[in-house]
Colleague: 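Have a look at this one.
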Number of protein chains: 2
Amino acid sequence: MGIKERKSRHKEDLRKRILEAAKKLFVTAGYEATSIRKIAQEIEFSPTTIYLYYKDKSDIIYALHQEGFLMLRQDFQPLMQVESPFERLKAIGKCYLRFALAHPDFYEVMFIMKDPMKYLEVNCVEGEWEEGERVFDFLLQTIRDCQNAGYFSEMDTVEVAVQAWSSVHGLCSLHVSGHLKSMMEVVLKDNDQERMIERAFRVFVSYLELTK
Amino acid sequence: MGIKERKSRHKEDLRKRILEAAKKLFVTAGYEATSIRKIAQEIEFSPTTIYLYYKDKSDIIYALHQEGFLMLRQDFQPLMQVESPFERLKAIGKCYLRFALAHPDFYEVMFIMKDPMKYLEVNCVEGEWEEGERVFDFLLQTIRDCQNAGYFSEMDTVEVAVQAWSSVHGLCSLHVSGHLKSMMEVVLKDNDQERMIERAFRVFVSYLELTK
DNA sequence: TTGGAAAGGTTAACACTGTTCACTACTTTT
DNA sequence: AAAAGTAGTGAACAGTGTTAACCTTTCCAA
């Protein structure tokens, strides 16, 4: 049985190597440059070999999508220790923003591109987006804790969560797409996007503080 | 000179027909399906002819981007008559949301895709995004009016505007990409995205109201 | 031990994509 | 009438995702 195991280990290995190659191309050259043929070239295999390990390209993209959520959850991990609910909520927002600024390509595949969401719809029984759910649940629970601490009283938890997510995601999205940059070049002389994002986030936090 | 004019009129006409064909494909079949060859087929010309009227594909996409802003500005037009600044601000938000829900493809090309923004950077002297500027200026002025009416006191107008834009855009973006849908299927039984968007928007408005 | 099935991988091809080059016709100008 | 410019095209290049047919090599049972 040893040989068989070595084989299957080798197989799992190749599957991993494909994803590693895809990730490498993805982070160094962006989504556009991540083609099946280039991945194949990277691992020194034929392009068709990739189809023995992944159903199609969207399958690989979805794997990267999941990889990204793994990273984000690792970034979120320490925040669970933050005791003050509102401080935790702020920390989640900051952490989310930092992630988007640090890994714009991953952010795109995780929260902007349609393909991974379509992949879910097509390949699952019913669209169950587990990765997103876990992150959202953390936000949801934190907001519930905030409510117990006197914030967002009389408000619907889910609605508050969706709105908060939208606000921070909106900043990330406008940054990643380049719209924030264009906007700032036009209306301001200032060109420091990160600072603007920081400040807009503070504005949002100041609104939330008013609910107490 | 009559013949010459007729010719140049014909030429402008063909340029317009190309854009019309592109728009038709774009709204009926989406961005993916809008290829140079299909546009050519639609107007019954050779694909290469299109390059006599548009520099490249991104040129056409940018034309659609502008077209979209024309539509949005037309939607905004009546809102200028709203006297109460805060009511006007709310109306802008609602109008913006309605636009994104009604024309998701256009919204994508206007506020999500990178290509049109890159086109600006490459083809202009310095990235001057006039279409966006006009819309943003309207928002900016409205917020300034709100400040005169007691809202957002002691706050930076631009920061408030960027934050407001982000919040509403975030909702639109999550809707267009399908993330909001996936999220709702997972955490709620409710599946009415439009209603959720409406409610999240109300939450945001309730925050803004607290600043007075 | 040998025949056949299964596994792993590749080559060639299909149907697309954006884009360019060389080449027609035809019209205008000199 | 010759030269120059204009509008349009067919063929081709380089690239994409994807599939079908084919080859080895390995494994397993008769």
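Nothing here was measured: the structure is a model prediction, and the numbers come from that model. Order of the sequence lines sets the chain letters (A, B, ...), proteins ahead of strands, with each chain counted from 1.
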Colleague: How many whole angstroms separate atom CG of B:D56 from atom P of C:dT17?
Modeller: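 Nearest whole value for this atom pair: 17 Å.
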Colleague: Once you round it to whole Å, what is the distance between P of D:dG17 and NZ of A:K57?
Modeller: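 Taking NZ of A:K57 and P of D:dG17, I get 5 Å after rounding.
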Colleague: Are the ring centres of A:F69 and A:F99 closer than 6.0 Å?
Modeller: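 No, ring centres 6.0 Å or more apart.
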Colleague: Taking the side chain of A:L52 as its heavy atoms from C-beta onward, which of D:dT18, D:dG8, C:dT10 lies nearest to it?
Modeller: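 My answer, after comparing the listed nucleotides, is C:dT10.
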Colleague: For the helix from C:dT1-D:dA30 to C:dT30-D:dA1, what angle separates the axis at the start from the axis at the finish, each from five pairs, in steps of 10°?
Modeller: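 For the helix from C:dT1-D:dA30 to C:dT30-D:dA1, the axes at either end differ by 30°.
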Colleague: When the ring planes of A:H179 and B:W129 are compared, do they come out parallel, tilted or perpendicular, using 30° and 60° as the limits?
Modeller: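 Plane angle over 60°, so perpendicular.
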Colleague: Do the side-chain N or O atoms of B:Y53 get closer than 4.0 angstrom to the phosphate oxygens (OP1, OP2) of D:dA7?
Modeller: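 No, B:Y53 has no side-chain N/O under 4.0 Å of OP1/OP2 on D:dA7.
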Colleague: Given the ring of A:Y31, does A:K57 sit roughly above its face, with NZ or CZ under 6.0 Å from the centre of the six-membered ring and within 45° of the axis?
Modeller: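 Cation-pi check for A:K57 and A:Y31: passes.
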Colleague: Hey, does the side-chain of B:R37 have a donor or acceptor N/O within less than 3.5 Å of a partner on the base of C:dG18?
Modeller: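 Donor-acceptor pair under 3.5 Å: yes.
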Colleague: Return the value, rounded to whole Å, for the distance between atom CD1 of A:I36 and atom P of C:dC14.
Modeller: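 The distance from CD1 of A:I36 to P of C:dC14 comes to 20 Å, rounded to the nearest Å.
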Colleague: Using whole Å, report how far CG of B:D115 lies from P of C:dT17.
Modeller: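 In whole Å, C:dT17 P lies 17 Å from B:D115 CG.
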Colleague: Listed in order of residue number, which residues of residues 42-51 of chain B have a non-hydrogen atom at under 4.0 Å from DNA chain D?
Modeller: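 Nucleic-acid contacts, sorted: B:F45, B:S46, B:T48, B:T49.
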Colleague: Let me know the distance between NZ of B:K55 and P of C:dG18, rounded to the nearest Å.
Modeller: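 After rounding, the reported distance stands at 14 Å.
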Colleague: Check the angle between the aromatic planes of B:Y62 and B:H65 and answer parallel, tilted or perpendicular using the 30° and 60° thresholds.
Modeller: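 Aromatic pair B:Y62/B:H65 classed parallel.
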Colleague: What is the distance from CD of A:E32 to P of C:dG18, rounded to the nearest Å?
Modeller: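 A:E32 atom CD is separated from C:dG18 atom P by 12 Å.
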Colleague: Strictly below 4.0 Å, N to O, side chains only: are A:E20 and A:K24 in salt-bridge contact?
Modeller: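 So A:E20 does not pair with A:K24 through a salt bridge.
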Colleague: State plainly whether the residues B:E42 and B:K38 are in salt-bridge range, i.e. N to O under 4.0 Å.
Modeller: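 No, this pair does not count.
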Colleague: For A:K90, is there an ion pair with A:E87 - N to carboxylate O distance below 4.0 angstrom?
Modeller: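 A salt bridge links A:E87 with A:K90.
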Colleague: Are A:Y53 and A:F45 an aromatic pair by the rule of ring centers under 6.0 Å?
Modeller: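 No, ring centres 6.0 Å or more apart.
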Colleague: How many whole angstroms separate atom CZ of A:R17 from atom C1' of C:dG9?
Modeller: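 So the two atoms are 13 Å apart, to the nearest Å.
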Colleague: Between A:R88 and A:D145, does at least one N-O distance fall below 4.0 Å, as a salt bridge requires?
Modeller: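 A:D145 and A:R88: salt-bridged.
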Colleague: Once you apply a heavy-atom cut-off of 4.0 Å, does B:K38 come out as touching a base, just sugar-phosphate, or nothing?
Modeller: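 The answer is sugar-phosphate, as B:K38 gets under 4.0 Å only of primed atoms, P, OP1 or OP2.
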Colleague: Could you give the CD1-to-P distance, from A:I18 to D:dG17, as a whole number of Å?
Modeller: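 Interatomic distance, CD1 of A:I18 to P of D:dG17: 14 Å.
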